[in-house]
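Everything below concerns the one structure shown next.
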Number of protein chains: 2
Amino acid sequence: MQVDEGIAILKENGHKYTDKRADILAYFIHAKGYRSAKALLAYMETSYAGISLDTIYRNLRLFEQLELLESREKNGEKLFKIACRSGTHHHHFICESCGLTKPLQKCPLPVYTEELADYHVNTHAFELYGLCPTCHNS
Amino acid sequence: MQVDEGIAILKENGHKYTDKRADILAYFIHAKGYRSAKALLAYMETSYAGISLDTIYRNLRLFEQLELLESREKNGEKLFKIACRSGTHHHHFICESCGLTKPLQKCPLPVYTEELADYHVNTHAFELYGLCPTCHNS
DNA sequence: CTATTCTATCGTAATCATTTCGATTTGTAA
DNA sequence: TTACAAATCGAAATGATTACGATAGAATAG
């Protein structure tokens, strides 16, 4: 995902380009892992002193709505990461040290077809956490 | 899990018996699924008019700490359910209509032994969401 | 049974993340 | 360049949760 792609998607949906939006996208593209609104705010304040909380949260909501960002909740706060726009369903391994996310090829859903024969499965959440080879060997 | 067991665990850890605590445990034992602090408050107010928020949240924290309750987060609020004290690792199917949780027998981790051969997996999160047979047929 | 001592609860205020709002600024299309 | 809708600001409001001083209550020893 490039910043330009994100901006293009914004415009296709009737939203405007702003430097702040480009920088927010760049922040998450570079991060490659989950980041909090607070972390984004801290980053943005280095370039835009006095940036409004409204701008941070409004754009996080917008980007998630446009599926440029994905989120999960932890310890009472929402965490965001750049979305995988591959189109195919997949899960992730997340490195607890460097935040790297590795897309996984297999989906564990078939494991439960028998066990949940009488149940209607709508969605599922699956994530693996640990250390990537680089962080494990250092 | 019985209310008595929960109370015993409370006492073993230096906490006191109160009717409110017994009722909170009974509420979650009967619920068999995730419930919010707000839902617990509404229930408790029917028996204890004017019960303090402090009492609700303090006991939820305590029970989670003692592993009598487990929690997850959704839409900015914490949801609690009675803990599975079986001791064995397992995952859950969660009914989005009635909140029922069905323990699953299989764990999907073995699916990824090949794909993550060079990675060090510490933990994983896995949950299935949908409708239980009862809710699906009504 | 009573006194003593912590713990629990109450009522309320504070905190934290997030959302909302009126006023102002800015992107962009004509 | 103008005009207008959208974006941002600064600040206040909201909702969930936590904290706090004062009071009430459970448990234990005498």
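Note that the structure is predicted; figures quoted are calculated from it, not measured. Every chain is numbered from 1, with letters handed out A, B, ... down the list of sequences.
- Residue A:Lys11 places no side-chain N or O under 4.0 Å from the OP1 or OP2 atom of C:dG27.
- Closest to the side chain of A:Lys16, out of D:dA26, C:dT9, D:dA6, is D:dA6.
- Across the protein-nucleic acid pair, A:Tyr17 atom OH and D:dA5 atom C1' stand 19 Å apart, rounded to whole Å.
- Along DNA chain D, the nucleotide nearest B:Arg61 and the nucleotide nearest A:Asn59 are compared for position; the residue whose nucleotide lies closer to the 5' end is A:Asn59.
- Counting to the nearest Å, the C1' atom of C:dA8 and the CG atom of B:Asp19 are 12 Å from each other.
- Side-chain atoms of A:Lys20 stay outside donor-acceptor range of the base of D:dA7, with no qualifying N/O pair under 3.5 Å.
- Remark: B:Tyr57 is in phosphate contact with D:dT17, judged by side-chain N or O atoms under 4.0 Å from OP1 or OP2.
- The pair A:Glu73-A:Lys78 does not count as a salt bridge, with every side-chain nitrogen at least 4.0 angstrom from each carboxylate oxygen.
- For the pair A:Leu62 CG and C:dT18 C1', the computed distance is 16 Å after rounding to whole Å.
- Between B:Thr18 and D:dG25 there is no side-chain polar atom (N or O) within less than 4.0 angstrom of OP1 or OP2.
- Base engagement by A:Leu53 is indicated by at least one non-hydrogen atom pair under 4.0 Å involving a base atom.
- One can place CD1 of A:Ile7 at 9 Å from P of C:dT28, the figure rounded to the nearest angstrom.
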**OP:** Report the C-alpha separation of B:Leu104 and B:His92 in whole Å, then their side-chain angles, then the decisive distance to 0.1 Å, and conclude whether the side-chain contact (heavy atoms from CB on, under 4.5 Å) test is met.
**Re:** CA-CA 5 Å; B:Leu104 300 170; B:His92 289 102; 5.6 Å; no
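- OP1 and OP2 of C:dT19 both lie 4.0 Å or more from every side-chain N or O belonging to A:Arg58.
- Follow the hydrophobic side-chain contacts under 4.5 Å out from B:Tyr34 and you never reach B:Leu128; the two are in separate clusters.
- One interatomic measurement links the two molecules: CG of B:Asn75 to P of C:dA17, which rounds to 18 Å at whole-angstrom precision.
- For the residue pair A:His89 / A:His124, a side-chain donor-acceptor distance below 3.5 Å is found, with atom types taken as modelled.
- Summarising the local packing, CD of B:Glu67 is surrounded by 12 or fewer heavy atoms from other residues, nucleotides or ligands at distances under 6.0 Å.
- A side-chain donor-acceptor contact under 3.5 Å links B:Arg21 to the backbone of B:Lys16.
- Between the CD atom of B:Gln65 and the P atom of D:dT18 there is a distance of 12 Å, given to the nearest Å.
- In this structure, A:His15 does not reach the D:dA6 phosphate: none of its side-chain N or O atoms is under 4.0 Å from OP1 or OP2.
- Atom C1' of nucleotide D:dC9 and atom OH of A:Tyr48 are separated by 15 Å, given to the nearest angstrom.
- Side-chain N/O atoms of A:Lys38 include none lying less than 4.0 angstrom from OP1 or OP2 on C:dT18.
- Spacing between atom CD of B:Glu73 and atom P of C:dT18 amounts to 10 Å, rounded to whole angstrom units.
- Of the side-chain N and O atoms in B:Thr55, one or more sit less than 4.0 angstrom from OP1 or OP2 of C:dC10.
- A:Arg21 has a side-chain polar atom (N or O) that falls below the 4.0 Å cut-off from OP1 or OP2 of D:dA7.
- Comparing atom distances between the B:Glu77 side chain and each of C:dT18, D:dA16, C:dG11 picks out D:dA16 as nearest.
- In the set C:dT18, C:dT20, D:dT17, the nucleotide with an atom closest to the side chain of A:Asp54 is C:dT20.
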